[in-house]
Amino acid sequence: MQREQIIVVKLGTSVLTGGTDKLDKAHMVELVRQCCELKKQGHQVVMVSSGAVAAGREQLLKSCGTSLVDKQMLAAIGQGQLIHIWQSLFALYGVNVGQMLLTRADVDDRERYLNARDTLTALLSYNVVPIINENDAVATSEIKVGDNDNLSALVAILANADKLLLLTDQDGLFTSDPRTNADAKLIDEVTHINDELRQLAGGSGTSLGTGGMATKLQAADIARRAGVEVIIAKGAGSNVILKCMSEQLPGTRFLKLTAPKDGRKKWLLAGPKSNGQIAIDTGAISALQNNGASLLAKGVTSAFGDFERGDLIDLIDTNNQVIARGLTRFSRSEVNKIKGAHSKNIAQLLSYDAGAEVLHRDDLVLL
Ligand SMILES: Nc1ncnc2c1ncn2[C@@H]1O[C@H](COP(=O)(O)OP(=O)(O)O)[C@@H](O)[C@H]1O
Ligand SMILES: N[C@@H](CCC(=O)OP(=O)(O)O)C(=O)O
């Protein structure tokens with residue numbers, strides 16, 4: 001018997017419509033049945049459901065544009081319809097659902113992140129299935145997560161999940177888009193996500209999906225760092241969710257990494273937008289990566305962007321690769337004054353004593 005787990009199931013538009021221009025309600029029943037079976041086995045289920053725009057398009061019964069405001073309008077029409085369908089299907093099994101519509105701002109701000117986390121935890125503690133989507137009707141590009149793959153990774157972190165199932169219209173990540181390359185091979189296990197792998201993952205093959213495999217890979221990268229196992233698999237067919245749990249399905253499995261124990265570090269991984277970058281030298285990188293050290297001014301070579309004390313920034317290496325992120329103790333102009341300086345000279349350079357660490361090890365996560 002498996003240990004009880006928290007499982008986030010992300011259902012792409014492709015799964016919910018079966019590639020048509022309508023929601024495939026018969027398949028939605030099948031997905032709900034499996035979620036309820038998991039609950040019977042003692043697991044907790046969180047659903048991240050796309051499909052609001054598709055449902056809106058179906059309701060409007062006439063073609064509508066593809067501009068941001070058109071999509072927002074379709075989402076406003078479709079989200080109510082979508083949650084109504086989920087609610088009635090789960091009710092067949094006597095299971096209640098709770099809707100949460102999130103935007104980037106709900107995870108960027110630590111207070112709002114904690115509020116969202118508390119709501120999610122409370123829903124689970126009452127045996128309710130949270131059904132989550134982006135709040136498309138109000139989210140503009142500045143405050144959007146932008147795709148439900150990345151949103152589901154953030155949800156997996158919020159829910160402290162064990163597994164994230166990204167269900168889509170392909171068996172998993174292939175060596176190239178199988179829609180355009182018949183020789184593409186399924187990659188069944190991923191232990192490292194690097195640029196080579198990222199180049200294999202293309203965008204969506206249809207006008208319905210958002211982000212394609214590229215955003216699924218980004219999501220897998222975020223979630224696995226937070227200790228969540230990620231599986232990309234095909235959402236069509238029978239018993240897909242149950243088969244994913246028992247590893248019987250073709251799919252791409254991303255092995256999880258050791259997660260930081262500290263909740264604040266997990267929040268940093270959930271990816272609040274960074275306000276700038278601090279470039280550091282190889283000595284500093286080694287101290288951070290090998291000794292878990294804090295970042296001292298001595299290792300800083302330059303600073304970019306517009307950041308103040310307490311803002312989230314990325315630490316980059318000499319190839320501009322982000323190697324860590326965290327909360328800075330100095331603004332950009334202060335970092336520029338003290339970069340390369342020995343800790344004992346900082347107070348003199350700034351004319352006040354603000355400590356020696358640019359980023360304290362408690363406030364940073366390695367990537
Ligand atoms: N390397 C790849 N392996 C598999 N699918 C890929 C790859 N590159 C791009 N894709 C495309 O990603 C699509 C799935 O993403 P998307 O259309 O956003 O679906 P969803 O609605 O499920 O999120 C596939 O149909 C495929 O065309
Ligand atoms: N929030 C949008 C879906 C966005 C999205 O990422 O779509 P998909 O790539 O189909 O998972 C909607 O409900 O229509």
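Every heavy atom of this structure was used, including side-chain atoms; hydrogens, water molecules and symmetry mates were not. Each ligand, and each atom within it, is numbered from 1 in the order the structure gives. None of the values given here were measured: they were computed from a predicted structure. In this chain, numbering begins with 1 at the start of the sequence shown.
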Which atoms from ligand 2 have a heavy atom of Asp136 less than 4.0 Å away? 1 (N), 2 (C), 12 (C), 13 (O)
Relative to the heavy atoms of Gly12, which atoms of ligand 2 are at a distance of less than 4.0 Å? 10 (O), 11 (O)
For Thr168, the ligand 1 atoms with a heavy-atom partner under 4.0 Å come out as 14 (C), 15 (O), 19 (O), 20 (P), 22 (O)
side-chain contact (heavy atoms from CB on, under 4.5 Å) between Leu166 and Val230, worked out: CA-CA 7 Å; Leu166 295 170; Val230 180; 3.9 Å; yes
For atom 6 (O) of ligand 2, grab the closest protein heavy atom and report residue, atom and distance to one decimal in Å. Asn148 N, 2.7 Å
Consider only side-chain N and O atoms of Gln79 and Gln99, and report whether a donor and an acceptor are under 3.5 Å apart. yes
Report yes or no: do Asp149 and Thr215 form a side-chain donor-acceptor pair below 3.5 Å? yes
Gln199, portion touching ligand 1 at heavy-atom distance under 4.0 Å: neither
Which ligand 2 atoms, with their elements, are less than 4.0 angstrom from a heavy-atom of Gly51? 12 (C), 13 (O), 14 (O)
Is there a donor in the side chain of Ser333 and an acceptor in the side chain of Asn336, or the other way round, less than 3.5 Å apart? no
A student checking ligand 1 against Lys10 at a 4.0 Å heavy-atom cut-off should list atoms 23 (O)
Ala184 heavy atom under 4.0 Å from ligand 1: no
min-distance protein heavy atom vs atom 8 (P) of ligand 2 -> Ser50 OG, 3.5 Å
Here the atoms of ligand 1 under 4.0 Å from any heavy atom belonging to Ser176 are 1 (N), 2 (C), 3 (N)
Distance under 4.0 Å to a non-hydrogen atom of Gln170: what atoms of ligand 1 satisfy this? 5 (N), 24 (C), 25 (O)
Geometry only, no angles: is Val53 polar-contacting ligand 2 at N/O separations under 3.5 Å? yes
Under 4.0 Å between heavy atoms, the region of Lys10 that gets near ligand 2 turns out to be side chain
Considering the heavy atoms of Gly172, write down every atom of ligand 1 situated less than 4.0 Å from one of them. 3 (N), 4 (C)
Kindly confirm or rule out an N or O of Asp149 lying under 3.5 angstrom from an N or O of ligand 2. no
Would Ala52 count as being in polar contact with ligand 2, using the rule that some N or O on each side must be under 3.5 angstrom apart? yes
Heavy-atom distances under 4.0 Å are what count here, so tell me which part of Asn133 touches ligand 2: side chain, backbone, both or neither. side chain
Any idea which atoms of ligand 1 are less than 4.0 Å away from a heavy-atom of Ser14? 19 (O), 20 (P), 21 (O), 22 (O)
Could you check whether Arg104 and Asn135, counting side-chain N and O atoms only, form a donor-acceptor pair closer than 3.5 Å? no
At a 4.0 Å threshold, what atoms of ligand 2 neighbour a non-hydrogen atom of Gly209? 9 (O), 10 (O)
Is ligand 1 less than 4.0 angstrom away from at least one heavy atom of Gly235? no
Side-chain touch Ile313/Val335, heavy atoms, less than 4.5 angstrom: no
Please confirm whether Thr13 comes within less than 3.5 Å of ligand 2 when only nitrogen or oxygen atoms on both sides are compared. yes
Note: Asp169-Arg179 ion pair, threshold 4.0 Å (strictly below): yes
Can a side-chain donor-acceptor contact be found between Gln248 and Ser246 if the only test is distance below 3.5 angstrom? yes
Got a second to check how far Ile85's CD1 is from Lys25's NZ, nearest 0.5 Å? 4.5 Å
Check each heavy atom of Thr210 against ligand 2 and say whether those closer than 4.0 Å belong to the side chain, the backbone, both or neither. both
Does the pair Glu30/Arg33 count as a salt bridge with the N-to-O cut at 4.0 Å? yes
Any nitrogen or oxygen of Asp147, side chain or backbone, less than 3.5 Å from one on ligand 2? no
Taken to the nearest 0.5 Å, the spacing of Lys71 NZ from Thr210 OG1 works out to 5.5 Å
Based purely on interatomic distance, does Lys216 place a nitrogen or oxygen under 3.5 Å from a nitrogen or oxygen of ligand 2? no
Can you tell me if Asn148 and Asn133 form a side-chain donor-acceptor pair at under 3.5 Å? yes
Indicate yes or no for a side-chain donor-acceptor contact from Asp109 to the backbone of Glu111 under 3.5 Å, with no hydrogens or angles considered. yes
For atom 6 (C) of ligand 1, what is the closest protein heavy atom, and at what distance to 0.1 Å? Met213 CG, 3.4 Å
Hey, does Pro178 come in under 3.5 Å of ligand 1, counting only N/O atoms on both sides? no
Against ligand 1, does Leu200 come closer than 4.0 Å with any heavy atom? yes
Numbering the atoms of ligand 1 from 1, which are under 4.0 Å from a heavy atom of Asp169? 13 (C), 14 (C), 24 (C), 25 (O)
Asp281 with Lys298: basic N within carboxylate O range, under 4.0 Å: no
Check each atom of ligand 1 against the heavy atoms of Thr210 and keep those under 4.0 Å away; list them by number with element. 18 (O)
Using a 3.5 Å distance criterion without hydrogens, assess whether the side chain of Ser294 forms a donor-acceptor pair with backbone atoms of His360. no
Approximate separation, where rounding is to 0.5 Å, of Leu123 CG and Gln44 CD: 10.0 Å
Is the shortest distance from a heavy atom of Ser50 to ligand 1 less than 4.0 Å? no
